[in-house]
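Keep in mind it's a predicted model, so treat the numbers as computed, not measured. In the text below, chain A, chain B and the rest are named by the order of the sequence lines, each starting its count at 1.
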Amino acid sequence: MARPERKTKHGAMSDTETTRYDFSLSEPHWQAQWEQAGCFKAEDVPAGDKPKYYVLEMFPYPSGKIHMGHVRNYTLGDVVARYKRAQGFDVLHPMGWDAFGLPAENAARENNADPASWTYANIANMRAELKRMGFSLDWDREIATCDPDYYGQQQKIFLDFWKSGLVERRGGYVNWDPVDMTVLANEQVIDGRGWRSGAIVEKKQLSQWFLKITDFAPELLAGLKTLERWPERVKLMQENWIGFSQGAEVTFPLTAPVDGIETVTVYTTRPDTLFGMSFLAIAPEHPIAKAVAASNAEAAAFLAECASQGTSEAAIETAEKKGFFTGLKVKNPLTEQDYPVWIANFVLMEYGTGAIFGCPCGDQRDYEFASKYNLPIPVVVSPSPDTLPELQGKALDGDGYIVNSGFLTGLTVAEAKKQAIAELEAMKVGKAVTNWRLRDWGISRQRYWGCPIPVIHCEACGPQAVPDDQLPVALPKDVSFEKPGNPLDHHPTWRHVACPKCGEAATRETDTFDTFIDSSWYFARFCAPRAATPTNVDAVKHWLPVDQYVGGIEHAILHLLYARFFTRAMERTGHVTVQEPFAGLFTQGMVTHESYKDADGRWLYPDEVVKTGNGATHRDTGLPVTVGRVEKMSKSKRNTVDPGVIVERFGADTARWFVLSDNPPERDVEWTETGVQGSFRFVQRLSRLGALIAGEPMVDAPAVLEGEAKKLLKLTHKSIAAVTEALDTFAFNLAVARIYELAGNLAGTTPEDASLLYARRVAMDIIARLSAPMMPHLAEDIFAKLHPGSGLVAQQPWPKADPALLTVDEVTIAVQVNGKLRGTITVPAGQPAEQNIAVAAEAVSTALAGQTIVKQIHVPDRIVNFVVKPA
RNA sequence: GCGGGUGUGGCGGAAUGGUAGACGCACCGGACUUAAAAUCCGUUGGGGCUUUGCCCUGUGGGGGUUCGAGUCCCCCCACCCGCACCA
């Protein structure tokens with residue numbers, strides 16, 4: 001694609017090139033104009049009475065360069081921000097950096113760089129890239145979570161949570177790399193081994209800080225119902241994650257005590273199937289398992305094997321089901337029989353009581369376990385009350401009736417649950433309990449590049465809060481990454497302080513916060529980013545909740561749930577006045593691209609690949625290249641396209657228009673070069689059309705419009721209505737399609753009379769206004785040509801469709817015979833059924849010949865269907 | 001493994017239970033040009049016929065509800081996201 005300033009070989013600009021829209025001049029120009037006019041500034045606490053609208057996109061991790069996912073995310077948010085501004089809202093649209101995290105430490109270890117310098121350099125680069133995109137952001141509000149200004153306020157919030165009883169210290173499991181002597185993130189565990197050392201990873205228990213998110217489980221669940229502008233699927237995922245369940249705890253006596261332990265308590269949602277018990281299984285971390293392992297080498301070996309499984313739930317659940325018989329037995333209080341106690345690798349210590357009873361008939365996992373270890377499979381569930389089903393390699397885990405189960409026999413599953421619990425309670429061996437899948441949030445990380453946990457450990461006084469006047473607890477800059485583990489641990493001086501209570505020598509907590517904390521309250525900080533307290537209550541009262549939050553679907557659970565919890569906890573501690581942070585949520589799909597590999601199996605970047613007729617070759621070597629799957633853009637697969645290059649070659653508007661046009665925003669988008677060129681051509685076409693029409697004589701509105709002019713004006717108003725509706729529903733690809741349609745129709749008219757001159761100018765003006773949220777620079781350019789000296793389109797109100805011009809006079813109706821299309825008729829809109837049926841019968845007379853009409857269906861302005869049979 | 005999604009021409013997609021394929025890309029044909037680029041106009045799901053037009057078929061696969069199903073229901077397949085220390 002030729003650059004606009006390229007000269008022809010004669011050294012002079014050709015005609016087409018002189019009329020080209022030069023984005024490289026236009027885009028910086030309009031960005032400067034917006035800046036000068038302060039179009040996108042917001043006040044912490046505005047004085048006016050304009051309605052507020054807070055648009056926020058998930059802030060980026062400063063990895064170094066913006067990627068296409070960012071371009072898409074921030075373009076979507078910017079369309080909303082600009083659209084809402086045009087609709088008369090006072091818009092808050094800030095930007096910041098989720099700046100703590102592992103990659104900075106990895107970069108530090110690899111290049112011996114300092115995480116802070118690395119991060120701030122990345123921020124500087126990415127800020128410049130974002131600015132080139134022309135997003136309508138209030139850059140005065142920029143924050144970075146690694147600024148002591150920010151994380152110091154975060155430390156205050158944590159201490160307030162602690163005072164309010166929302167913080168706990170207890171043991172938690174981590175992935176431990178025994179060679180590198182360091183804690184690993186789940187993503188650093190590959191097939192059970194440390195990503196650098198290759199050592200088998202161990203589960204290890206450490207003392208950790210926890211936030212008591214489980215205290216909020218009921219209200220986090222109930223709160224979902226109030227989130228009307230959240231995608232259903234996200235609410236459903238959160239609901240399942242919180243995982244409310246009603247069941248029972250049942251206590252089984254061990255036939256012989258072990259290490260002083262006499263009973264095992266299980267949690268079950270199926271007390272109705274207690275008569276179908278086959279075994280009892282405990283988690284490898286269960287106290288009984290440990291007691292057994294203490295005197296049994298085989299058991300200890302099994303526990304060690306389980307410990308090498310990793311801590312992630314996916315790893316545990318996908319691993320082959322394995323068990324170890326402890327030799328212990330328990331008595332089932334209902335059947336009064338004894339059952340073996342197994343240690344099983346699929347039982348989670350964190351859920352319920354860390355022990356389950358196995359009923360193979362009613363649970364598929366139990367069925368597989370029993371089959372594998374030849375345990376009995378008693379049949380206690382049946383689809384009907386008086387037949388015994390054959391289990392065909394599968395458990396009956398649906399609804400049905402209880403059979404073979406003493407006093408529960410013949411009852412429905414639901415009724416049997418109630419009766420079983422009543423009996424267990426009467427026997428004092430069990431009780432009904434409500435259980436949650438949600439676990440408390442472990443927030444301790446054994447890493448340097450995060451927010452220090454503001455706690456001082458004193459041998460005499462225990463853990464103490466860092467006093468307010470000593471905040472922020474800042475990260476030391478002089479750290480070394482040469483040793484494995486957390487640099488804060490081996491810093492010579494940083495950790496040594498006096499106990500705030502007794503004044504004796506004490507040590508700082510060297511763990512830092514989970515970075516999810518940083519992103520759990522930034523939306524509140526944005527309301528008053530320079531406030532001396534974590535939030536300015538007047539500002540958050542005005543701006544929160546966020547009216548529209550936009551981000552990736554991959555955050556559907558963790559980030560969004562943590563932010564919801566944090567908001568409630570902040571409300572309880574007086575930092576905000578709302579319970580829910582995000583009133584509206586939109587989750588976008590990912591940006592994907594073809595991936596490429598050379599003959600040696602190395603991934604190649606798209607710009608290293610030349611597409612040929614029947615395949616692809618390497619740009620430099622000419623060797624064949626394998627075109628792989630279309631998948632999420634990622635550095636490791638090298639299937640990334642640098643937005644910087646795209647903006648350089650085609651301009652920000654083209655990039656914005658393309659990411660909006662090609663598919664619905666909630667779906668994944670595939671980046672294609674040809675699609676970008678198509679968008680670029682449209683930018684050029686629209687610019688030419690704008691210049692052409694701006695050059696036509698200006699005329700007053702004619703008294704009566706007819707023919708082509710009326711048609712164009714009606715289409716223009718139809719387009720206003722359609723684009724407005726599309727923007728309201730995030731159907732940005734449809735908004736784009738409607739603008740294409742209007743522009744195409746406009747270009748097809750000729751200014752042959754005053755009516756058409758008028759209608760063309762109106763249509764062009766509307767195109768500029770409707771496309772302004774999406775292609776803001778070009779829209780300004782066209783608007784300025786149409787209305788010299790009338791200010792910025794960024795400050796113009798949104799156009800309104802004239803209802804009088806939205807009426808339809810004539811409709812084309814489908815005519816069907818037995819539901820199959822046999823013709824169409826064009827009739828006046830709203831014509832009664834009788835007349836339409838008569839016209840329709842005439843239109844499909846050949847298809848009706850020799851048939852008897854059994855029924856006639858008429859849907860006004862839509863369809864006529866004759867149901868016929870042979871005469 | 002569990003939870004949540006998605007599936008429509010060569011490609012991205014459009015379609016309140018009512019004419020499947022809007023709009024864009026690509027392709028092909030034409031105009032303009034010494035030529036190319038750019039631009040403009042037009043065709044295009046597949047198959048068939050007695051070709052002003054008509055018929056059959058078609059929305060991942062299989063069944064069902066309905067006058068009528070891409071859309072609603074059941075079963076299956078493939079792919080994607082998440083799974084608590086990646087952000």
Side-chain angles (χ1 to χ4, degrees), chain A residues 1-2 14-17 20 58 60-61 63 98 100-103 172 174-175 183-189 231-234 236-237 239-241 243 311-319 321 346 350 364-365 438-447 514-516 519 552-559 561-562 587 589-590 592 629 631-632 658 661-664 666-670 672 674-679 681-682 684-685 688 731 733-734 736-741 744 747 812-824 846 854-857 859 862-868:
Chain A
M1 190 69 52
S14 75
D15 281 354
T16 49
E17 282 185 342
R20 273 202 171 187
M58 292 177 185
Y61 177 79
S63 57
D98 189 13
F100 277 135
L102 268 180
V174 296
N175 299 305
V183 175
L184 298 177
N186 281 335
E187 73 155 13
Q188 297 173 322
V189 179
E232 284 305 320
R233 58 176 166 153
V234 174
L236 200 53
M237 280 190 262
E239 189 179 322
N240 290 334
W241 184 263
T311 58
S312 88
E313 195 176 311
I316 292 166
E317 299 267 348
T318 50
K321 309 272 174 288
F346 62 87
E350 289 93 349
Q364 186 60 27
R365 278 195 310 193
L438 185 65
R439 309 199 296 256
D440 274 336
W441 178 10
I443 51 170
S444 298
R445 298 292 181 268
Q446 297 68 39
R447 310 196 198 292
D514 179 3
T515 56
F516 269 123
S519 54
I553 184 67
E554 68 273 18
H555 294 291
I557 295 175
L558 289 180
H559 161 59
L561 190 64
Y562 289 142
T587 51
M590 293 174 310
T592 65
R629 297 188 347 184
E631 46 195 319
K632 179 177 177 176
F658 173 70
S661 67
D662 215 40
N663 73 354
E666 67 273 17
R667 259 193 249 180
D668 291 352
V669 63
E670 186 192 348
T672 58
T674 49
V676 177
Q677 292 181 352
S679 295
R681 279 201 294 271
F682 183 67
Q684 296 300 331
R685 193 152 70 229
R688 276 196 304 275
N733 55 322
L734 299 188
V736 165
R738 295 287 82 84
I739 289 172
Y740 267 119
E741 187 182 33
T812 300
I813 295 184
V815 183
Q816 298 178 338
V817 176
N818 284 348
K820 291 195 177 198
L821 182 71
R822 285 293 176 267
T824 58
T846 36
V854 181
K855 200 173 171 186
Q856 297 169 347
I857 313 260
V859 180
R862 281 263 170 206
I863 211 153
V864 174
N865 186 12
F866 296 103
V867 184
V868 300

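- Contacts of A/Thr318 classified as side chain to side chain donor-acceptor pair (under 3.5 Å), with partners at least two apart in sequence or in another chain: none.
- With sequence neighbours left out, the ring pair (Phe, Tyr, Trp, His ring centres under 6.0 Å) criterion links A/Tyr562 to A/Trp441, A/Phe516.
- In this view, A/Phe682 and A/Trp657, A/Tyr740 satisfy the ring pair (Phe, Tyr, Trp, His ring centres under 6.0 Å) rule, not counting sequence neighbours.
- In this structure, the salt bridge (Lys or Arg N to Asp or Glu O under 4.0 Å) partners of A/Glu317, at least two apart in sequence or on a different chain, are A/Arg365.
- Evaluation of the side-chain contact (heavy atoms from CB on, under 4.5 Å) rule for A/Asn175 yields A/Leu184, A/Asn186, A/Val189, A/Val201, A/Thr311 as partners, not counting sequence neighbours.
- Taking A/Leu821 as the reference, A/Ala814 meet the side-chain contact (heavy atoms from CB on, under 4.5 Å) condition, with sequence neighbours excluded.
- Scored by the ring pair (Phe, Tyr, Trp, His ring centres under 6.0 Å) test, A/His555 finds A/His559 as partners (sequence neighbours excluded).
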Distances for protein N or O near nucleotides 41-48 of chain B N or O, under 3.5 Å:
none

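- With sequence neighbours excluded, the residues satisfying side-chain contact (heavy atoms from CB on, under 4.5 Å) with A/Lys820 are A/Arg822.
- Scanning for side-chain contact (heavy atoms from CB on, under 4.5 Å) contacts around A/Pro664 gives A/Glu666, A/Arg667, A/Asn733, with sequence neighbours left out.
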Watson-Crick or G-U pairs under 3.5 Å in RNA chain B, rendered as dot-bracket with [ ] for crossing pairs and | for another strand: (((((((..(((.....[....)))(.((((.......)))).)(((((...)))))..(((((..]....))))))))))))....
Dump every N/O contact between nucleotides 56-58 of chain B and the protein below 3.5 Å, one line per pair.
from: B/C56; atom 1: OP1; to: A/Arg822; atom 2: NH2; distance (Å): 3.2
from: B/U57; atom 1: OP2; to: A/Lys820; atom 2: NZ; distance (Å): 3.2

